[in-house]
Amino acid sequence: MSEEQVAARLVADIETHLAWFHFSALTIGCILMLTAVFLSARAYAALSEARLLYYRGRVHETDGAHGGGARRQSTPANINAAANRRKIPTRRGRTLP
């Protein structure tokens, strides 16, 4: 095998492997981009939910729904809740539609 043939095969091997490298880099880039879009959509949804809950809390707070007093009051049932076997039912929780 002459030197020219060896050089030609070497160039062909480099081009082949470089094409696979480009293909894998493009594939990884697309996967990372889709992951970023998915995570940003979830972050936007979480922030939107937090904003909505904050707004509802502020509106509820300014409505005087609790007679102008503190929203959470210490009662014997609340103080001893840790020792109770059954949890005290509250009206808090996920309120989004």
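Index from 1, following the sequence. Values below: all heavy atoms of this structure, side chains included; hydrogens, waters and symmetry mates excluded.
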From Leu26 atom CG to Met33 atom CE, the distance as rounded to the nearest 0.5 Å: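 One finds 8.5 Å between CG of Leu26 and CE of Met33.
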Nearest 0.5 Å, please: how far is CZ in Arg51 from CZ in Arg56?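 CZ of Arg51 is found 10.5 Å from CZ of Arg56.
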Side-chain hydrophobic cluster, 4.5 Å single linkage: members besides [X]:
X	value
Phe21	Leu18
Leu10	Ile14
Trp20	Phe23
Leu32	Ile28

Please name all residues satisfying side-chain contact (heavy atoms from CB on, under 4.5 Å) with Glu15, sequence neighbours left out, ordered by chain then number.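 Per chain and number, Glu15 pairs via side-chain contact (heavy atoms from CB on, under 4.5 Å) with Val11.
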For residues 35-45, which side-chain donor-acceptor pairs fall under 3.5 Å, sequence neighbours excluded?
unit_1, atom_1, unit_2, atom_2, d
Thr35, OG1, Ile31, O, 2.8
Ser40, OG, Ala36, O, 3.1
Ser40, OG, Val37, O, 2.9

